[in-house]
Structures are given as C-alpha cells and as structure tokens.
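See below for the structure under consideration.
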Amino acid sequence: MPQTPANTAEEANKSINTYYSNRYRTGSSGSAAAAYVQNSPSVDEDDSFYDGDHDAEVSFYGHGGGGGGGAALAPGELTPTNNNNKWMGQYDLVGSMWKRRFGLGRNADRNWVMRCFTLSGPILCYHEESEIESVADPSKPRALLNLSKVETIAEMHSKQKPGLPTQDLLTINIYDPIVHAKRKWEMCCTSKEQQLLWYKAINYYDGKPVISSNDKFMGVPEPPVSPYVRNSCPTPDIMTTSVLRTSSRDAPMIDDVEIIAKAAAKAAEILMVNQQKQMKNYSNEMMALIVVGVNMLIYFARNGSEQTYKAIQFIMNAFVLYIAHQNMTSTTAAKSQRGPKARAAKSKIITAEREDTPRSPLAKDQQPISNLSSFAKKIPAGTTIPRASPTKNSELAKQLQVHDRNSSQAIRAYAAAPTTDIEVKPHSYANTDARAFQLRVGPNYKKNKQKAPSPPALYDLLSMDFLYADSPLKNTADKFRIPSIPGITDVSTGHAHIPPMLIINTWLPGEEPSMFQKSTDGETYSIPMVFVLSQETLRQLKDIDTASPGVKLWSEWCRRAENEPDFRGRFKCMGMIENIESTGVPKFIQGYNGKPALVTKSGTFTRHENYIEFSINVNMWAFLAKKGLFTLVPTFPDFIFNVGFTIEARKDEEMPEVLLGGCRLMNLDPDKAVVDGVDDVEI
C-alpha cells in the first residue's frame, strides 16, 4: 500500500494501530514514537492476526521501551548492552535464523540452512555463515533485499508444519512489478521473541514504495530508533546506506539494480506489446474456446484418475509442440520471402502461368524453361560475382591499363599481386595469399606435428561464380562456358593425366538440413572456382624428377584419384576467417579456424578434355557439420573468408604440403547469389 507520512507522534501511533487492525502501514520520518506499539500484534494457531496485550513493549531495534521492562531477546540478537555491541555501529539488527533454500535446493533433504541475517535501515541481507562473528566480509552478503524499493508484506506463522526447523515461521512476500510475479523469503526463528522482533522491523516497510517524478524513492519514513541507538550510532539515510552496504565490487549496486529493473521493465513491456499483436490474430471465439478447454483439462487433471491425468498430460504436450511448430513455420516462411529462394519461387510461378497460356510454336532452343534444375542458359564463367578491383596506382592497376582483364598477362598479374593491391569490396573475390595457410612440413610429422606457411600455390585463380538453383550444378559446363585463353588454358603440361585447368565446385545447402531426412540434392548454392596452372608449376613439370614434393604429390593424385577412392580421399579443403577474434564468432568455433577437412565420400572426380572437375557435396557431410556451415552462411557478409585446397601429405618425401589453389571471398552475400533462370537473363 502507498506510504502516508504522519507529522506528529500522536498521528503515527494512531496510524500504526490502524495498520495492525487493517494490515495497512503508515510511518513518520524521524518520529521515535512510531517505534513503540502499545497493542502489539500476535498470531493465533490459525495464522489470523488479532490485538493482544503483552507484558512488555518491544522497541523497533531490540530492547524494551515505553512504560514496560525490556522484552526478552532471542539468542544472538544484538543490543547496545550485550557483548556484541561492536556491530551496532554497522547494523541495526543482527541475528541467526533458519533460511529456506531457493531453486532446486528448495525441495532437497536439507532445504533449511542456518544463516546470519542483518538489517540496516531498509537493507536486509543474509550471509553464507551462520554467526556474525564468522562472516569474513560483511560487505558481500549472499543476498540483499532493499525493503524500500520493492513491495513487500511480512507475515508471522505459528502453525507447526512438517519439515520446519521450528514453528516460528517468518515470511516476506515480495511482489515483482516487472514480471508481475510473487516470490518470498522464508525464515524460521529460534524463538517467539526473535520472530516478533524481526517481524516488527521488516513489517515497518510493508506496502508499495512511493516514487516521485525524478525516479527516486521518496516517502519512505526513516526507521524509528531509540534515543540510545540514535545517539550512539546515527542511522544513515536510505541512499547512503545503499552505497555503504554495496561498495564491494562483487555486491550489486542499488543504482545499477534500478537501471537493470527499468531496462527489464521496458523489455517486458515490449514483449507484452508483441504478444498482444500476436494475440490479435486469434478470434475472440478461438480464445474463449482455448480458455474453456484449458480449464476443463485442469479440472479433470485434479479430480480424475491416473489414466485421465496421463491423457491430459499427453494432450497438453501435443498442443505445446503444435504451437511451437506453427511459430517455427511462420518464421521460416518470413525468411523465405526474401533472397534467392524467394526469387526462384516467383520465377516458377511466372513460368507455370506462361505454360498455361496459348503460345505460337517456337524453336526448340527458344522454348521457356519450366524446370530450374535443367539450368536456363549458359553464361560466361566469372560473371555472377565481380572480381575485386586493384587499388589506385598499384602495380596491378598499371598492368590492367595495358592488358585486357581476361588476357594471360592479366591473369598472371592478378596471381602475383599482394593482397594490399586489392580493394576490399563487399561481395567480391580475389586471389588468396598461400602463406595464410599453415600446412604440414617434415620430417616425421606424426611425431613433431610441425606446420609452416604454404609455398606459392600450384594453380592461379581464373574465375569464380556464385549460383543458386533448386539442384546442385553437377557439371560446371552445363551452366557456364569454360574459359578459353590462349597460352593459359591450352598449354601442354607434358603429362596426359595433369590438365592445365582445375575446377573445384563446392555445393552448399540452400535449405536447412534435417536430422531425420538425409538429402544430397535440393536447393543449393554452387560455387565453381576455375584455376589454371601457374608458370612455376609448368616449369617444374618439364622435369618431374626434380620437381618439388608438392608437385610430385599432385601428379600422383591426378593419376590415381579417378580410380582409387582412398587416394582421392586425401583431398583437403580449408576455410579461414580473417581477424576472427573481432567477428563475434564463438570461441569454440574459433579453434577450428583454418583447420583442414578431408573430402572423402562427398568428393566427385570427373575428367574432361583439358580440365579436371572436383565437386564437394556438403549435403553428404555429417548433420552437425553441415548444420553448422548452414548456420554460418547468413553471416558471410560479415567476414573476409579465405578458402584453400591441398592434397594431404603422409610421408616425409611428400612434404612440405603445398596449396593447390585458393580464393579470398570478401563479404560474400548469399542474398545476392545469381538465381538460375531469373537473375541470369540479362547476363
């Protein structure tokens, strides 16, 4: 209830007597008379309050007052006259009581523990220790409750209940205005006198605090104390007490609690508004039906048989799962309204409408495409995502002013350019720096586990594409025209099994993977990368016997991988996010940054006339792996992502490993992926 200050001792006594009969509190700031109660409340065996006469008046802070003698004190209670009066300068009331545990400990075997309680003004605390002399740091209580900042109601109980250490139970009901819920502190006192003493002290703050326009808690009367206590140790005001009791780093500051409470209240308000908006989707009849149904279920659960209870439990669980499924479905539907998936769906609708309308006979190659999986038309490789531009006045920029971007000179210039000569432009790609990848080096790697930056890559990046379709691009030539650059794609390597070009086509899931339905097809992001042999690799291939271990291992893989699955399974891919510490990626994922992954059953080897195509089907990976990768796809716009490939070296003569080729993806945006048959019309 709101607090109403009284201006005289007479009005204070009148107000307090009124409260004891009507459970309503009033107080007077600085009025000592408010502390003395001539008709103190008691409780009968039915827990109902009544007015009764006591042999002695009990003052607010634990000693007798008025016209009677001193009341008997509970063991451990502090007064200015006992041996523990050193604590009177710090607390107004100290005592040991049984405290009921919170949370899971509430229903444990030992759910009541002895704690030391302290009260200073409106600040009620309890400590881990059972005695005040054992408290190591009084400024760090186990819990703190500011009675002046929350609505509380104190109650005394004397009915003996099973499990209680004593029958003198004292409870503090705390009403939370943020979540509109009630919680409580339960304490068992060691005597009736202790129960009455603490009840009076806590009961003084019953009701709602009065809040002024500047958000400070006003209208809370200063706790009345005896002249002896006030003269020996003036009680600090509420705000000062808050600071004194919570000055420790580990203890919660009252001002911080206010800020958190306001923020939580605002969050709760927003949640309630959102819930109200969602509730509007239901008709009044449906809501009434749900309320009636729930009440009927509760009635039968309380009064029915065990079989009825189990049936109702099953129905409620099914209902909750249904609601959760509906929410998940609506969220997924909202996401599908944008991005490449939405554009593909729109294209299918338009295509279906066109097929239903009469049209004149057309040539076979002019017939509209009705199925996206057949791939609408061929487009040049490297046209679905732009290549990053060189920085101004760089050596690469000078080379591109002289040579065409698709010439052999430009391709070699791109490969030789350092990353500092490339502009970081969102949704673009460039050559990666091979030194960014740590690869195996000998000798005796199994024992030493030594790795070092890779030597220059065996292949230079020619082009990259980013395509979205309702099926994976199993053959790059079905969609893209393979580049043909004289002096680059048509060179002779001197070895029939080693082609001048290498295409690595990675298929990323375009729809969320399912744990129960294993799908190796479906909506897919296809990322084909076209590589050409570097000049250094071509030079080494002229004499394979003197070539580096990396070139020899690559030659062996090209010769054996087509027919030997085990050797083909030594193909490794690596992904590395630059500056991953600043991206907000969880630390347990950061540990896998740049780690290689063997491509075994998910890899497909296809030999063509002048190139090898190696496809990596992520849909065939383990559920957790592809689920994790699918989860990261929407975050690609936040990353600069380096992708690299190599062949795993297992013997000393095969080391050091060397990068086959790689690509630097800068802020790749999945929503900008070219949709087959939709976005490629004008390419």
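Any value given below was found using the heavy atoms of this structure, including those in side chains, with hydrogens, waters and symmetry copies removed.
Between F636 and F641, the ring planes lie parallel to each other; the angle is under 30°, not in the 30° to 60° tilted range. Classification of the H427-F466 ring pair by plane angle, with boundaries at 30° and 60°, yields tilted.
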Please determine whether side-chain contact (heavy atoms from CB on, under 4.5 Å) holds for the pair W554 and T537, giving the CA-CA distance in whole Å, both sets of side-chain angles, and the decisive distance to 0.1 Å. CA-CA 10 Å; W554 171 243; T537 307; 5.6 Å; no

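Judged by distance alone, the side chains of N431 and R387 do bring a donor and an acceptor atom under 3.5 Å apart. If you check the side chains of N579 and S582, you find no donor sitting under 3.5 Å from an acceptor.
Remark: aromatic rings of Y468 and Y525 are close, center separation under 6.0 Å. F630 and W621 have their aromatic ring centers separated by at least 6.0 angstrom.
Residues T432 and V643 form no side-chain contact, since every pair of their non-hydrogen atoms from C-beta on lies 4.5 Å or further apart. No side-chain heavy atom of D460 sits less than 4.5 Å from a side-chain heavy atom of Y414.
Stacking of R560 on the aromatic ring of F567 is recorded, both the 6.0 Å distance cut-off and the 45° axial limit being met.
For the pair R440 (side chain) and E657 (backbone), a donor-acceptor distance under 3.5 Å is absent.
Taking a 6.0 Å sphere around CG of N444, one finds it holds more than 12 heavy atoms contributed by other residues, nucleotides or ligands.
Just one of F571, W507, Y459, F605 meets the ring-ring contact (aromatic ring centres under 6.0 Å, His included) condition when paired with F614; it is F571.
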